[in-house]
Amino acid sequence: MSRVAGKDHAARTRKDWARILEGVRGTITYEASLQAYTSFHIGGPAEVLVEPADVEDLCRVVAQARAEHIPVFVVGGTNLLVRDGGIRGIVVSLRQFKAIRQEPDHVLYAEGGVGMPTLIGYAIRRSLAGLEWGVGIPGTVAGCVVMNAGTRLGEMKESVKAVRMVDPRGRVVDIPAADIPFSYRRAHLPRGIVAGVWVQLRPGDHDRIEKTVKEYLQYRKNTQPLTLPSAGCVFKNPPQDSAGRLVDAAGLKGARIGDAQVSEKHANFMVNVGHARAADVLALIRKVRAAVKKVSGVKLELELKVVGEA
């Protein structure tokens, strides 16, 4: 259990936090709802939510939290379910990390809070190809690296040149892609926070890139529930099979608990059709797993990351 000045972490006061976060220039909010910080629109409060102003500010937050033995968790993007009890300690959002710059040799650097749609649009306007695989992914660049996000067209690992991280001591570390082992829906990064990513692209024909993006986005809209809050695919695809097919075969398309529902458009998506709670989603996950195990004999593994307190 984290302690501050000899106190239980539950007993931290605003005065404690003012001391712990002294010098932080970004936005600090107490007991902030995390619903607006996840694509699921679900989640309890953060004890303290910090939106650092820049990388230097993020380093300060991490270093000062470490000195007080306070956990730091980064929130934002897809593939995340925050439990209804919220998250203790410091929750960091990279919403202010929005910069993109073009570098030589068709390289783009994007800060961690940049949305993938924004980065893809930036690349298209400069006739740079190589990110078309990411069309329809609503998450941030940082989240896409951590999850090695992908579609049937490709994965994040195919675009990454290097990753900028803030390590647990609050130091900036740049890691070349060659030093990062990537696997299915995971980048095996050292502990820390992804502050930015360099992507290696290539020159392309603007009209052709735009056409590919529009066609694949339409395909995604036709096959996935992009208009409803979700966290993307809930389960990992088993070897040589599809999690969505298994859920569909178990007869659970459209199954609902509270306002959490298995999408009728794609059975590996769960959607928030109103005011779903994390408890609803977790109960639905248990129901789906049990049904798939009974019908197909397959134990589905979560792709979704579940965090926080019940």
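- Taking a cutoff of 4.0 Å between a charged side-chain nitrogen and a carboxylate oxygen, D54 and R25 qualify as a salt bridge.
- Heavy-atom neighbours of K221 NZ from other residues, nucleotides or ligands within 6.0 Å: at or below the threshold of 12.
- Counting heavy-atom neighbours within 6.0 Å of H206 NE2, excluding the residue itself, gives a total above 12.
- Other residues, nucleotides and ligands contribute over 12 non-hydrogen atoms within 6.0 Å of the CG atom of D179.
- Within a 6.0 Å sphere centred on NZ of K265, heavy atoms belonging to other residues, nucleotides or ligands number more than 12.
- Taking CD of E132 as the start and OG of S159 as the end, the distance is 8.5 Å to the nearest 0.5 Å.
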Apply the test side chain to side chain contact (heavy atoms under 4.5 Å, CB included) to residues L284 and M270: give CA-CA distance (whole Å), side-chain angles for both, the deciding distance (0.1 Å), then the verdict.
CA-CA 9 Å; L284 190 55; M270 290 183 184; 3.9 Å; yes
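- Enclosure of atom CZ in R169 is not indicated, since only 12 or fewer non-hydrogen atoms of other residues, nucleotides or ligands lie within 6.0 angstrom.
- Counting only distance, with no hydrogens or angles, the side chain of R289 and the backbone of L300 share a donor-acceptor pair below 3.5 Å.
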Under the criterion side chain to side chain contact (heavy atoms under 4.5 Å, CB included), I'd like the reasoning laid out for V50 against T29: C-alpha separation, chi angles, the key distance, then a yes or no.
CA-CA 7 Å; V50 181; T29 310; over 6 Å; no
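- No salt bridge links E264 with K253; every basic N to acidic carboxylate O contact stays at or beyond 4.0 Å.
- With rounding to the nearest 0.5 Å, the separation of CG in L34 from CD1 in I87 is 5.5 Å.
- Annotation: cation-pi pair R152/Y219 present, NZ/CZ under 6.0 Å from the ring centroid and within 45° of its normal.
- One side chain, S183 or H188, offers a donor N or O that lies under 3.5 Å from an acceptor on the other.
- When atom types are taken as modelled, the side chain of R220 and the backbone of V135 share a donor-acceptor pair closer than 3.5 angstrom.
- More than 12 heavy atoms of other residues, nucleotides or ligands shown are found within 6.0 angstrom of CD on E103.
- Side-chain contact, W133 with E155: no donor N or O sits under 3.5 Å from an acceptor N or O.
- Comment: E303 engages R185 in a salt bridge, judged by a side-chain N to carboxylate O separation of less than 4.0 angstrom.
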